[in-house]
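For reference, the structure is listed below as structure tokens.
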Amino acid sequence: MSILKVARSFKKDVRGMSAVEFALLLPVMVVMYLGAVEIAAGLIAHRKATAVASTAADLAAQALALSNADVNDIFGASRAILAPYDATGVQIVLTSASDQGTGSIRVDWSDGYNTAPHATGSTIVVPNNLVFTNGSVIIAEVTYTYTSTMGEYLTGSRIMEDTFYARPRRSLVVARVP
């Protein structure tokens, strides 16, 4: 058989074409799949961080007064919401702020989990028209550092932050007792 005949028969042979196409597309498909999994896990973690903020503020807003044990229970419930994600790095600041008729919003009390709370009496910025005169608001600020299994190699950590505001339900101001 001459070299020319072998070249012509090789040019017409298409038996391995599917295998070659699959080999070329497989890395692209794997990267797309892993990217979709990574994005979905990140979105779920962000939704859980938002749920932590809303739950912490909501639980505090339902009370007439909060003790140290109550605040620890709120922080514990908030950490449980993050499951199955690691909650050791979550930071939560739970604050009650009010307007005593001066127009500026001042911190009545504040507690922090894995972070420092706001100073009592300090001014805090809230959205306009959120606190009425002589009224108050419960503020839950959450910072969560999310690192996925694949993210350690591909993208690293992502910091997710959320703030939730809730008005007290049973009184004008939620008191803080020891």
Side-chain angles (χ1 to χ4, degrees), residues 38-152 154-178:
E38 181 73 17
I39 289 171
L43 289 173
I44 291 169
H46 186 266
R47 288 186 67 189
K48 285 183 175 275
T50 299
V52 167
S54 66
T55 300
D58 187 48
L59 288 173
Q62 292 179 37
L64 290 170
L66 291 174
S67 65
N68 290 338
D70 294 331
V71 171
N72 287 334
D73 288 345
I74 291 172
F75 289 152
S78 298
R79 285 190 321 270
I81 291 171
L82 287 171
Y85 297 103
D86 183 20
T88 56
V90 69
Q91 298 175 338
I92 306 168
V93 177
L94 189 60
T95 305
S96 175
S98 63
D99 177 4
Q100 285 89 25
T102 62
S104 64
I105 311 302
R106 301 228 179 251
V107 174
D108 296 326
W109 56 264
S110 184
D111 287 290
Y113 177 79
N114 284 343
T115 189
H118 296 288
T120 302
S122 63
T123 303
I124 192 166
V125 178
V126 298
N128 291 336
N129 301 322
L130 185 64
V131 181
F132 54 88
T133 304
N134 296 325
S136 71
V137 66
I138 299 292
I139 306 165
E141 300 164 281
V142 173
T143 304
Y144 179 62
T145 303
Y146 168 73
T147 305
S148 76
T149 305
M150 290 180 285
E152 291 179 16
L154 299 175
T155 60
S157 299
R158 297 281 182 218
I159 296 175
M160 301 177 183
E161 298 176 314
D162 205 349
T163 303
F164 196 86
Y165 304 93
R167 288 194 178 135
R169 296 196 187 142
R170 299 173 56 195
S171 62
L172 288 177
V173 177
V174 175
R176 182 70 170 84
V177 295

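Heavy atoms only: backbone and side chains are in, while hydrogens, waters and symmetry mates are out.
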Arg176 vs Asn68, test: side chain to side chain contact (heavy atoms under 4.5 Å, CB included). Steps then yes/no. CA-CA 8 Å; Arg176 182 70 170 84; Asn68 290 338; 2.7 Å; yes

Please report the C-alpha distance between Ile138 and Thr95 in whole Å, then the side-chain angles of each, then the deciding distance to 0.1 Å, and finally whether the side chain to side chain contact (heavy atoms under 4.5 Å, CB included) criterion is met. CA-CA 6 Å; Ile138 299 292; Thr95 305; over 6 Å; no

Derivation and outcome, side chain to side chain donor-acceptor pair (under 3.5 Å), residues Ser157 and Thr147: CA-CA 5 Å; Ser157 299; Thr147 305; 2.6 Å; yes

Which is it for Arg167 and Phe132 under the side chain to side chain contact (heavy atoms under 4.5 Å, CB included) test, yes or no, and what are the steps along the way? CA-CA 10 Å; Arg167 288 194 178 135; Phe132 54 88; 4.3 Å; yes

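For Asp108 (side chain) and Thr120 (main-chain N/O), no donor-acceptor pair under 3.5 Å exists by modelled atom type. Side chain of Ser98 to backbone of Ser136: no donor-acceptor contact under 3.5 angstrom is found. The backbone N or O of Leu66 sits nowhere less than 3.5 Å from a side-chain atom of Trp109 that would complete a donor-acceptor pair. Counting only distance, with no hydrogens or angles, the side chain of Asn114 and the backbone of Val90 share a donor-acceptor pair below 3.5 Å. Between the side chain of Tyr144 and the backbone N or O of Leu82 there is no donor-acceptor pair closer than 3.5 Å. Formation of a donor-acceptor pair under 3.5 Å by the Thr50 side chain with backbone atoms of His46 is found in this model. With Thr115 contributing its side chain and Gly112 its backbone, the two residues share no donor-acceptor pair below 3.5 Å. Side-chain atoms of Asp58 never come within 3.5 Å of backbone atoms of Thr55 as a donor-acceptor pair (strictly under, hydrogens ignored).
Listed here is the closest heavy atom pair of Tyr146 and Ala45: CD1-CB, 3.5 Å. The shortest heavy-atom contact between Val137 and Ala166 is CG2-O, 3.5 Å. For Tyr165 against Val125, the heavy-atom pair with the smallest separation is OH-O, 4.4 Å. Minimum interatomic distance between Ala97 and Ile105 (heavy atoms only, all atoms of both residues): CB-CG2, 3.5 Å. Here the closest heavy-atom approach between residue Ile81 and residue Lys48 is recorded as O-NZ, 3.2 Å. In terms of heavy atoms, Ile92 sits closest to Ser78 at CD1-CB, 3.6 Å.
Partner of Leu94 under the side-chain contact (heavy atoms from CB on, under 4.5 Å) criterion, out of Ile74, Val142, Ile139: Ile74 alone.
Heavy-atom contacts from other residues, nucleotides or ligands closer than 6.0 Å to CZ of Arg47 number 12 or fewer. The 12-atom threshold is exceeded at CG of Leu130, counting heavy atoms of other residues, nucleotides or ligands nearer than 6.0 Å.
Taking the six-membered ring where tryptophan is involved, the planes of Tyr113 and Phe75 are tilted, since the angle between them lies from 30° to 60°.
Proximity of Ser110 to Glu141: side-chain heavy atoms (C-beta onward) are nowhere separated by under 4.5 Å. Counting heavy atoms from C-beta on, the side chains of Thr88 and Arg79 never come closer than 4.5 Å. In this structure the side chain of Thr143 reaches within 4.5 angstrom of the side chain of Ile159, judged on heavy atoms.
One finds the OG atom of Ser67 at 7.5 Å from the CG atom of Asp73 (value rounded to the nearest 0.5 Å).
Ion pairing of Asp99 with Arg106 is absent here, as no side-chain N (NZ or NE/NH1/NH2) approaches a carboxylate O to less than 4.0 Å.
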